[in-house]
J.: 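Mind looking over this structure? Questions follow.
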Protein chains: 2
Amino acid sequence: MIDPTSDRAQYRQIADDLRAAILSGRLTHGDRVPSEERLCQEHGVSRTTVRKAIDVLKSEGLVEVRAPRGTFVRNAPPTETVQLRRGDRVRTRMPIPGERQELDMREGVPLLIITRTDGKEEQYPGDRTQAQQGPAGK
Amino acid sequence: MIDPTSDRAQYRQIADDLRAAILSGRLTHGDRVPSEERLCQEHGVSRTTVRKAIDVLKSEGLVEVRAPRGTFVRNAPPTETVQLRRGDRVRTRMPIPGERQELDMREGVPLLIITRTDGKEEQYPGDRTQAQQGPAGK
DNA sequence: TCCCATTTGTGCGTATGTATC
DNA sequence: GGATACATACGCACAAATGGG
C-alpha cells in the first residue's frame, strides 16, 4: 500500500512496488503489467500519477510499453558478445531518438559504444550486447 | 516553430528543438535552458507539454534539472578511464534509484558495468567513465 | 467490413507544496 | 517575506491502435 503522506512521491512508491516485483522475479520477462486504469484503482490515485510511475520504469529499461496492447516486463541479460582488441575503448550513453530507431532499441536502453584504435566507432544496443577482450589466450 | 497539427507530438518537437540546440553547440555544457514558463510562452503550449519535453531530454542525459534553480545542459565526455584486463566483460544498463544515489548519478545516465574474470563486478557512472584495454604494449 | 471495448498517447487546466534567491 | 521555478497530483477530453465479435 502506498502512503500519500509519505515524503516519497506516490508515483515513486508505485514505481518502487512494480520494480520490486520485477527484480524479485514475481513479474518476469514478458509478463504484462496491470493496465493504467487497474493501477489507478488498486492504489487510489489518478492516471497522471500511474503514468509517471510507468515512465520511471520505462526510463530504467524495466518495462516496454506497446500501445495500445499494454505494458510488459523487459528483463533479460545481453546475449551477444562483441570482441575487444587491445587499445579499444568502451563507453556508454543514452541514444537520441534517431539512434534508437536506427538500432531498433526501446526506451530506457543505453548505447554501448566501442571506439577502435583506428578511431572508428561502433554502437550497440546495451540490452543485447556486451563487450569482451578475447578470453585469455588469443 | 512547432506545428500542433503535425504527426509528431508537440512535446517531441520541443524536445527536438532543444536537443538540436545542444548537439549543435548553440547550448553548451552548463548553460541554462529557458524556464518552463518561458518555454510555454515561446511555443504557446501548456506547462504539461513543456515538462514532457524536458522529461525526454532528462532521460537522454542531455539536461540536469536542479529544482528550483533551473534546467541545465549536461554534455561532456567521460574523463576517467578504467583499465580492462584480458577476459573482462563490459556491459551497460540503467541504474535503479538506489544505485543512482550510491554513485551520485543524475537521471538519464547509464551504468558502465565491468565483470572481472574472477566474477567480481564493478559499476561506474557512464557519463564520467570509459573502459580501455591497456593501450597497445602492456 | 464494421462496431465496440480496452488501453495507451497527447494535451489542456488547475491547485498546492517546496526550495532557492 | 516575496518572487521565481520546479515537483507533485488532481481532473478532463479526445485521438489512435488493437483485438474480438
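Values reported hereafter were calculated over all heavy atoms of this structure, with side chains retained and with hydrogens, waters and symmetry mates removed. Lettering follows sequence order; numbering is per chain, from 1.
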J.: Mind listing the side-chain donor-acceptor pairs of residues 6-18 of chain B below 3.5 Å, one per line with the distance, residues two or more places apart or on another chain?
T.:
from    : atom 1 : to      : atom 2 : distance (Å)
B:Ser6  : OG     : B:Arg8  : N      : 2.9
B:Arg8  : NE     : B:Asp16 : OD2    : 2.6
B:Arg8  : NH2    : B:Asp16 : OD1    : 3.3
B:Arg8  : NH2    : B:Asp16 : OD2    : 3.4
B:Gln13 : OE1    : B:Asp3  : N      : 2.8
B:Gln13 : NE2    : B:Asp3  : O      : 2.8
B:Gln13 : NE2    : B:Arg8  : O      : 2.7
B:Asp16 : OD1    : B:Arg19 : NH1    : 2.9

J.: Please give, in whole Å, the distance from C:dG11 P to B:Ile14 CD1?
T.: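 Atom-to-atom, B:Ile14 to C:dG11, this comes out as 8 Å.
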J.: Taking ILVMFWY side chains as joined if any heavy atoms are under 4.5 angstrom apart, and letting links pass through other members, which residues group with A:Met94?
T.: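 The other cluster members (ILVMFWY side chains, heavy atoms under 4.5 Å, direct or chained) are B:Met94.
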J.: Would you call A:Lys52 and A:Asp55 a salt bridge, taking side-chain N to carboxylate O under 4.0 Å as the test?
T.: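 Looking at A:Asp55 together with A:Lys52, the answer is no, because their closest N to O distance does not fall below 4.0 Å.
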J.: Check each residue of residues 64-72 of chain A for a non-hydrogen atom within less than 4.0 Å of any atom in DNA chain D, then write out the ones that pass by number, or none.
T.: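 Those residues are A:Pro68, A:Arg69.
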J.: Show which residues join A:Met105 in its hydrophobic cluster (side-chain heavy-atom contacts under 4.5 Å, direct or indirect), or state none.
T.: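 Members alongside A:Met105: A:Leu103, A:Val109, A:Leu111, A:Ile113.
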J.: Near A:Gln41 CD, under 6.0 Å, is it more than 12 heavy atoms from other residues, nucleotides or ligands?
T.: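 Enclosed: over 12 neighbouring heavy atoms sit under 6.0 Å from CD of A:Gln41.
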J.: Heavy atom of residues 27-53 of chain A under 4.0 Å from DNA chain D: which residues?
T.: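 Of all residues in residues 27-53 of chain A, the ones placing a heavy atom under 4.0 Å from DNA chain D are A:Val45, A:Ser46, A:Arg47, A:Thr48, A:Thr49.
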J.: Quick one: does any side-chain atom of B:Gln130 pair with a main-chain N or O of A:Val90 as donor and acceptor, under 3.5 Å?
T.: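 No, the answer is negative, given that no donor and acceptor are paired below the 3.5 Å cut-off.
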J.: Name the nucleic acid region contacted by B:Arg12, choosing base, sugar-phosphate or nothing; use a 4.0 angstrom heavy-atom cut-off, strictly under.
T.: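 Sugar-phosphate, no base atom in range.
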J.: Tell me the interatomic distance from B:Leu57, atom CG, to D:dC6, atom P, rounded to whole angstroms.
T.: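 Going from CG in B:Leu57 over to P in D:dC6 covers 13 Å.
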J.: Under 4.0 Å between a Lys/Arg side-chain N and an Asp/Glu carboxylate O for B:Arg91 and B:Glu121?
T.: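 So B:Arg91 pairs with B:Glu121 through a salt bridge.
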J.: Tell me: CD of A:Gln10 to P of C:dT16, nearest whole Å?
T.: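 Taking CD of A:Gln10 and P of C:dT16, I get 16 Å after rounding.
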J.: Using atom types as modelled, flag every donor-acceptor pair under 3.5 Å from a side chain in residues 32-40 of chain A to any protein atom, sequence neighbours excluded.
T.:
from    : atom 1 : to      : atom 2 : distance (Å)
A:Arg32 : NE     : A:Arg69 : O      : 3.4
A:Ser35 : OG     : A:Arg38 : N      : 3.2
A:Glu36 : OE1    : A:Arg47 : NE     : 2.6
A:Glu36 : OE1    : A:Arg47 : NH2    : 3.0
A:Glu36 : OE2    : A:Arg51 : NH1    : 2.8
A:Arg38 : NH1    : A:Glu42 : OE2    : 2.9

J.: Can you check whether B:Tyr11 has a side-chain N or O nearer than 4.0 Å to OP1 or OP2 of C:dT10?
T.: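 Yes.
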